[in-house]
Every structure is written in structure tokens, then in C-alpha cells.
Amino acid sequence: MQSGTINLSQLDGGFDLQSTLESGQTYCWERLDGEMFEDDNLRGSEARYATVVPASRTDSGNPEIITVRQTDGYLDWESTTDADPHLREFLRLGDDLDEIVRQSPDLDVFKEAYDRFRGMRIVNDPVFPCLVSFICSAQMRVERIQLMQENLRREFGTPVELEGDTFYAFPTPEQLAEASEEELRDCGLGYRAPYVKSTAEMVVDGLSPSKAAEMEYYDARNHLKQFMGVGDKVADCVLLFSLGFLNAVPLDTWIRTTIDDYFPECKADGYDEMSRNIRDRFGGQYAGYVQTYIFFHLRTR
DNA sequence: CCCCAGGCACCTC
DNA sequence: GAGGTGCATGGG
């Protein structure tokens, strides 16, 4: 086992592990001393979280466990591998949060959110788990999305051990493509089960979700919409939370409500037009950051 | 019993 | 392409 620390005081704009992992951006982590996404868990804890790095991302070619905990200005990690570069990538520790806030619009609702969750960063999840989890997110609460992903990992993922504890990698496209629709429904996926199976088969057959990362924003969104169960909103989530499109603003029910209450001038009929309006209103290149702060703030107040 | 949850596929027109 | 409808599942 390896361990290490990352000095958070050296990061521009600081870091907050709990809000980063429990704001509904990522379903790739589990909390070891409590349930993710329970409101009374919000803020102030020094909880430990675990994830499994996909085999496709590790030097060893095997899935590798990382556990991590934030204490007093440091991120302490333990891992089966050198977790430092993975953590910097998955948690976007290189983002200059101070600069992002400077470039964001002067909005009271954003200031409130930023005061509550200072240090929260957008995540950069591995693309296949991110894609599947947001296909599962349709008409579903975050607590149950998390439960569905835990079920998928346990039922279909490769087990990995760290000091006697067993964790599961998120299933590969091959592992999910081989699952039956019935088995997927048993994980609680409901009508999303055939979407997940079909999307896994498409990836196995060679359609690459990560290829969107090389494209211009609208082409990237259209590329992702080829997958079954992926529309404009899910595509924007994958672009923002996995592929580095910090300008993407997923238009979900909460942001739509916010638009009605705070930005009525951005209202429009189609997703495209309203999305463009709100992206401009949120300052363009970092609009996804603004949206994520506002979403978490309003959802948990 | 109702309604709703970080929407989407599919069918009309 | 724009608009309506069905969709599994669990909790309030």
C-alpha cells in the first residue's frame, strides 16, 4: 500500500472535498463512514471516500483503489498505486478557482452558493462510468442514482482489495454489455436498463464517448447524443463532469426553476436557445462551474 | 391515492 | 422540428 498528502494551501482558490464529491456531480465515489448525499452529512466532516481507478487508466493495467480524506489543509490518500496524479486529474486540482470566480457574473444567488461551498471543484470523472450514471439520472433523485451505481459495481464490476476490504471497479463496457436487461432492472434501473445495455454495446462496438473531448462544443454534444438514453441534458453533464467542457450548462429541473425565479429574460422554448442564453448569462467559458454551485446550493437549502 | 424525481425515446403532425 | 405521451421505481 502507498500513501501520500497533497498540500491544498498551494491550490488557487482552495479545495473542499465533501462538497466536490457530494454535490451530485459524481457517482464514482463511496463514503466509508456514512451515506453519500444525506443532507445532515453536509459540511464540516473529515469523511473518508473511496473510488476505484479504471484499469484502462492505470500503469499496472489493473483497477486500483484510492481512499482519500481532507484534514486541515491537506488531502491525505492511501492507495494500491500512486494516487497523486489521479487525484489531481479527477478532482481538477489545477483549476484556478479564484480566476473562475473573477470571471463569473455578479449574481447574489451565486455569491450565496460560493460562500457556502468555497473550494468545491468540478470533477473530471472517467467517461464511461460518468456516461452510465447520467443515463441513470433521468427522473431520479441523487440518492437513488448513487444506489444504482453501487449496485452496478457490486454485481458486474471487478473486485479489488485494499487491506482486506473489497471494493469494486465500475463495470467495463464489456461487462455491462454482457448483463441482461433483467439483471440491470434488478439493480433498480427501471426503464433505463435497456438504455444502459444498448449504450454499453455501442461502446464495445467502437463508438467512443471520449472522442467528444477533441470536438467543438456542439459537435461534442451531438456525438454523445448518439448513445441510447443520452439527450441534451445528459450530454451536457458528461461534457462538464468528464470531458472538461467547463462551459456546458446542463438544463435540469432545478436550473429551469432558477431561470423562472432569477433570470426570466433567459427563458426560451427550446433547450438549445435557453441553454445558450443561460450560458451567456453565467459568463461563458466557466458557466458550468456557476451552474454547479447554484444547483447544489438550491437543492440543499 | 396522488405527485414527483438532475429526461429521453418514440410517435405524430 | 415541434409537440405530446409513456416510462420503472421508491418516497413523501
Side-chain angles (χ1 to χ4, degrees), chain A residues 19-28 35-40 42 109 113 117 120 122-123 125 129-152 155 179-202 209 218 221-242 245 248-261 267-276 278-279 282 287-301:
Chain A
S19 59
T20 299
L21 297 186
E22 301 203 32
S23 50
Q25 308 178 54
T26 175
Y27 301 91
C28 291
E35 293 300 313
M36 296 277 281
F37 306 123
E38 283 186 357
D39 287 350
D40 54 2
L42 290 174
V109 67
F117 304 116
M120 180 172 76
I122 296 292
V123 297
D125 277 341
C130 180
L131 179 63
V132 171
S133 59
F134 281 97
I135 288 172
C136 291
S137 76
Q139 294 293 103
M140 200 48 63
R141 299 173 195 276
V142 291
E143 295 84 354
R144 290 199 51 215
I145 302 167
Q146 174 73 12
L147 187 61
M148 292 152 99
Q149 307 315 303
E150 288 176 2
N151 290 340
L152 291 176
E155 295 302 320
S180 70
E181 186 180 320
E182 184 65 27
E183 289 175 311
L184 294 174
R185 284 181 191 273
D186 289 343
C187 290
L189 270 60
Y191 65 85
R192 305 153 199 82
Y195 299 166
V196 167
K197 181 169 174 59
S198 176
T199 286
E201 288 170 346
M202 293 170 81
Y218 286 104
R221 204 170 69 180
N222 286 331
H223 178 73
L224 291 178
K225 282 166 66 177
Q226 296 178 93
F227 292 101
M228 188 64 63
V230 179
D232 286 316
K233 188 268 173 187
V234 169
D236 271 332
C237 286
V238 176
L239 291 177
L240 178 60
F241 301 134
S242 178
F245 287 80
V249 178
L251 275 190
D252 55 61
T253 51
W254 285 93
I255 290 297
R256 286 175 189 273
T257 303
T258 306
I259 291 171
D260 290 341
D261 294 347
K267 274 202 263 191
D269 286 337
Y271 184 100
D272 245 2
E273 189 180 354
M274 188 145 72
S275 167
R276 195 163 44 244
I278 203 72
R279 207 158 48 242
F282 283 1
Y289 252 102
V290 178
Q291 186 267 10
T292 300
Y293 271 95
I294 292 176
F295 169 76
F296 191 37
H297 175 50
L298 296 181
R299 187 171 66 76
T300 57
R301 71 178 172 183

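The figures that follow rest on heavy atoms only: side chains count, while hydrogens, waters and symmetry mates do not. Protein chains get the first letters and strands the later ones, always in sequence-line order, with residue 1 at the start of each. Since the structure is predicted, the reported quantities are computational estimates derived from the model, not experimental observations.
Stacking here means ring centres nearer than 5.5 Å and ring planes tilted less than 30 degrees, and by that measure A/Phe295 stacks onto B/dG6.
In this structure, A/Val230 reaches the sugar-phosphate backbone alone: every heavy-atom distance under 4.0 Å involves primed, P, OP1 or OP2 atoms, never a base. Residue A/Glu143 is classed as having no contact, given no heavy-atom separation below 4.0 Å to the nucleic acid. Counting non-hydrogen atoms under 4.0 angstrom, A/Gln291 reaches a base of the nucleic acid. Counting any heavy atom pair closer than 4.0 Å across all strands shown, A/Phe296 reaches no nucleic acid atom. Heavy atoms of A/Gly188 sit nowhere under 4.0 angstrom from any nucleic acid atom. Using a 4.0 Å heavy-atom cutoff across all strands shown, A/Ser23 reaches at least one base atom of the nucleic acid.
For the pair A/Met148 CE and B/dG6 P, the interatomic distance rounds to 12 Å; values are reported in whole Å. The distance from atom CG of A/Leu189 to atom C1' of B/dG7 is 14 Å, rounded to the nearest whole Å. Protein atom CG of A/Asp232 is 19 Å distant from nucleotide atom P of B/dG6, rounded to whole Å. One can place CD of A/Glu35 at 13 Å from P of C/dG11, the figure rounded to the nearest angstrom. One can place CZ of A/Arg192 at 13 Å from P of B/dA5, the figure rounded to the nearest angstrom. Per the geometry, CZ belonging to A/Arg141 stands 17 Å off P belonging to C/dT9, to the nearest Å. The distance from atom CG of A/Leu224 to atom C1' of B/dA9 is 17 Å, rounded to the nearest whole Å. Distance CZ (A/Arg144) to P (B/dG7): 13 Å, rounded to an integer number of Å.
When all heavy atoms of A/Arg299 and A/Val142 are compared, the pair lying nearest together is NH1-CG2, 3.4 Å. Looking at every heavy atom in both residues, A/Val196 comes nearest to A/Ile135 through CG2-CG2, 3.9 Å.
Using atom P as the reference point in both B/dG6 and C/dG3, the two lie 25 Å apart (nearest Å). If you take atom P in B/dA9 and the same atom in C/dG10, they sit 23 Å apart, rounded to whole Å. Between B/dC8 and C/dG11, the distance separating the two C1' atoms is 23 Å to the nearest Å.
Ring geometry, A/Trp254 versus A/Phe295: the interplanar angle exceeds 60°, so the pair is classed perpendicular (tilted spans 30 to 60°).
In the interface, the side chain of A/Arg185 is not paired with the base of C/dT9 through any donor and acceptor atom under 3.5 Å apart. Counting atom types as modelled, A/Tyr191 pairs a side-chain N or O with a base atom of B/dG7 as donor and acceptor under 3.5 Å.
The backbone N or O of A/Met148 sits nowhere less than 3.5 Å from a side-chain atom of A/Tyr27 that would complete a donor-acceptor pair.
Checked against C/dA8, B/dG7, B/dA9, the side chain of A/Met228 finds its nearest nucleotide in B/dA9. Set against C/dA8, B/dC8, B/dG6, the side chain of A/Val234 has B/dC8 as its closest nucleotide.
Of the residues near DNA chain B, A/Leu251 and A/Gly229, the one whose nearest nucleotide (by heavy atom distance) lies more toward the 5' end is A/Leu251. Between A/Tyr195 and A/Met140, the residue whose closest nucleotide on DNA chain B is further toward the 5' end is A/Met140.
The shortest side-chain heavy-atom distance between A/Leu189 and A/Cys136 falls under the 4.5 Å cut-off.
Using a 4.0 Å cut-off between charged side-chain N and carboxylate O, A/Asp252 and A/Lys233 make no salt bridge.
OP1 or OP2 of B/dC4 has not a single side-chain nitrogen or oxygen of A/Thr253 nearer than 4.0 Å.
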